[in-house]
Amino acid sequence: MIKAEIIPGRLLGALAILAVLSGCAGSPPVRYYTLTAPEQANGPASGPVSYAIDIAPVSVPAQADQPQLMLRSGSGELTAQYSDRWSAPLPNELRNALSIAMTRQLGVPDVRRLAPAPGLPVWRVQVDVQRFDASTAGPAVIDATWRVRPLQGSGAGLLCRSRVQVPVQMPPGGADLEPVVVAEQKAVAVLATAISSVVRSQAHHTADDSAVGNAAQCIR
């Protein structure tokens, strides 16, 4: 006669935990990415600071504001990459990347990181991103409306719009999403350069719209 053994409740609980842990052990590791590009060796010449910038929190579309990288297919479908995530919420990643790139290009402080000296002119930058996506087939795309205006006084500044596209250089048969992230980093850098050009021209009281190039269209 075969005797049935009754397994105690505690042992059943332990076996259940082990089963869950064994399932997690087979999950792929999570990779975290940032939009801040690697630091460049060349920067603006050091000298006295005549103004500062204030980069406001960046707004992004809800479909892009996800912890995971969102890849777009040719039909417009968005797919979350659960093993590939941003190291911070996407609005924070964008604001931080723009701040680092612009302070590096302009050689001036961001007052949200460092309080300005009394009386130092400050230029506020507001960015509203309407589209932020990419696919392994490329390109990485940023559509954004942004405003540059003086924090002191009543000037309205400039309202501009940028559309940036950067090809994604995926190696043949590659599955790693690093090339997608690199393309998105470059797209953010192009946007930062366009905004920096307008800030520089406004801060120096020039009207050199050609400095913006094709990266932005502005109205006063």
Side-chain angles (χ1 to χ4, degrees), residues 21 23-43 52-73 77-115 124-146 162-171 174-196 215:
L21 291 177
C24 294
S27 302
V30 176
R31 294 173 291 270
Y32 292 93
Y33 299 95
T34 179
L35 284 172
T36 302
E39 185 174 357
Q40 303 297 320
N42 298 327
I53 57 175
D54 174 21
I55 301 181
V58 177
S59 63
V60 301
Q63 62 267 31
D65 189 10
Q66 304 295 330
Q68 304 86 11
L69 271 66
M70 304 295 292
L71 293 187
R72 179 183 290 270
S73 68
E77 179 184 2
L78 291 175
T79 305
Q81 308 300 303
Y82 289 99
S83 296
D84 299 275
R85 305 185 182 186
W86 298 115
S87 59
L90 186 58
N92 295 358
E93 280 287 338
L94 280 166
R95 204 210 75 83
N96 188 60
L98 288 171
S99 174
I100 291 176
M102 291 181 62
T103 54
R104 187 183 301 160
Q105 293 174 18
L106 297 171
V108 300
D110 181 349
V111 298
R112 292 181 183 257
R113 296 176 177 273
L114 184 66
R124 171 162 290 174
V125 177
Q126 297 169 286
V127 181
D128 176 31
V129 176
Q130 286 90 40
R131 180 180 175 187
F132 181 91
D133 60 36
S135 70
T136 54
V141 179
I142 296 179
D143 278 337
T145 301
W146 44 277
S162 293
R163 178 178 175 82
V164 182
Q165 296 187 78
V166 176
V168 176
Q169 304 294 335
M170 288 291 293
D176 194 333
L177 295 186
E178 182 177 353
V180 175
V181 175
V182 169
E184 290 176 328
Q185 289 177 349
K186 292 180 179 178
V188 174
V190 171
L191 177 61
T193 299
I195 301 174
S196 294

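Below, each value reflects all heavy atoms present in this structure, side chains not excepted, and no hydrogens, waters or symmetry copies. Heads up: numbering here begins at 1 and tracks the sequence.
We find the CE-CD distance between Met170 and Glu178 to be 10.0 Å, quoted to the nearest 0.5 Å. Atom CD1 in Ile195 sits 9.5 Å away from atom CD in Gln105 (nearest 0.5 Å). Atom OG1 in Thr136 sits 12.0 Å away from atom CG in Asp176 (nearest 0.5 Å). Separation of atoms CG (Leu191) and CD1 (Ile142) is listed at 6.0 Å; rounding is to 0.5 Å. In this structure, CG in Leu106 is found 9.5 Å from OG1 in Thr193, a value given to the nearest 0.5 Å. Here the CD1 atom belonging to Ile55 is positioned 6.0 Å from the CZ atom belonging to Arg95, to the nearest 0.5 angstrom.
Residues Ser87 and Glu93 form a side-chain contact, since some pair of their non-hydrogen atoms from C-beta on lies under 4.5 Å apart. Put simply, the side chain of Met70 does not reach to within 4.5 Å of the side chain of Arg72, judged on heavy atoms. In this structure, the side chains of Thr103 and Pro109 stay at 4.5 Å or more apart for every pair of heavy atoms. Between Ser196 and Arg104 the shortest side-chain heavy-atom distance does not fall below 4.5 Å. Between Ser83 and Arg31 the shortest side-chain heavy-atom distance falls below 4.5 Å. Between Leu177 and Leu69, the closest side-chain pair of non-hydrogen atoms falls below 4.5 Å. In this structure the side chain of Leu35 reaches within 4.5 angstrom of the side chain of Leu90, judged on heavy atoms.
For Trp86 against Tyr32, the heavy-atom pair with the smallest separation is O-CD2, 3.7 Å. Between Val168 and Ala183, the shortest heavy-atom contact is CG2-CB, 3.8 Å. The minimum heavy-atom distance between Ala97 and Val188, with the atom names listed, is CB-CG1, 3.9 Å. Contact record, Ala144 with Val127: CB-CG1, 4.3 Å, taken as the closest heavy-atom pair. Across Asp110 and Ser99, no two heavy atoms sit closer than the pair OD2-OG, 2.8 Å. Minimum interatomic distance between Pro91 and Val60 (heavy atoms only, all atoms of both residues): CG-CG2, 3.7 Å.
Remark: the Ser59 side chain and the Asp128 side chain contain an N/O donor-acceptor pair separated by less than 3.5 Å.
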Stepwise side chain to side chain contact (heavy atoms under 4.5 Å, CB included) test for Leu98 and Trp146: CA-CA 12 Å; Leu98 288 171; Trp146 44 277; over 6 Å; no
Evaluate the side chain to side chain contact (heavy atoms under 4.5 Å, CB included) criterion for residues Val30 and Arg85: first the C-alpha distance (whole Å), next the side-chain angles of each, then the deciding distance (0.1 Å), finally the verdict. CA-CA 7 Å; Val30 176; Arg85 305 185 182 186; 3.8 Å; yes
As a quick check of understanding, evaluate side chain to side chain contact (heavy atoms under 4.5 Å, CB included) for Arg163 and Val141, giving each step before the final call. CA-CA 7 Å; Arg163 178 178 175 82; Val141 179; 4.0 Å; yes
May I have the step-by-step check of side chain to side chain contact (heavy atoms under 4.5 Å, CB included) for Gln185 and Tyr33, ending in yes or no? CA-CA 10 Å; Gln185 289 177 349; Tyr33 299 95; over 6 Å; no
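Applying the 6.0 Å contact sphere to CD of Gln81 captures more than 12 heavy atoms from other residues, nucleotides or ligands.
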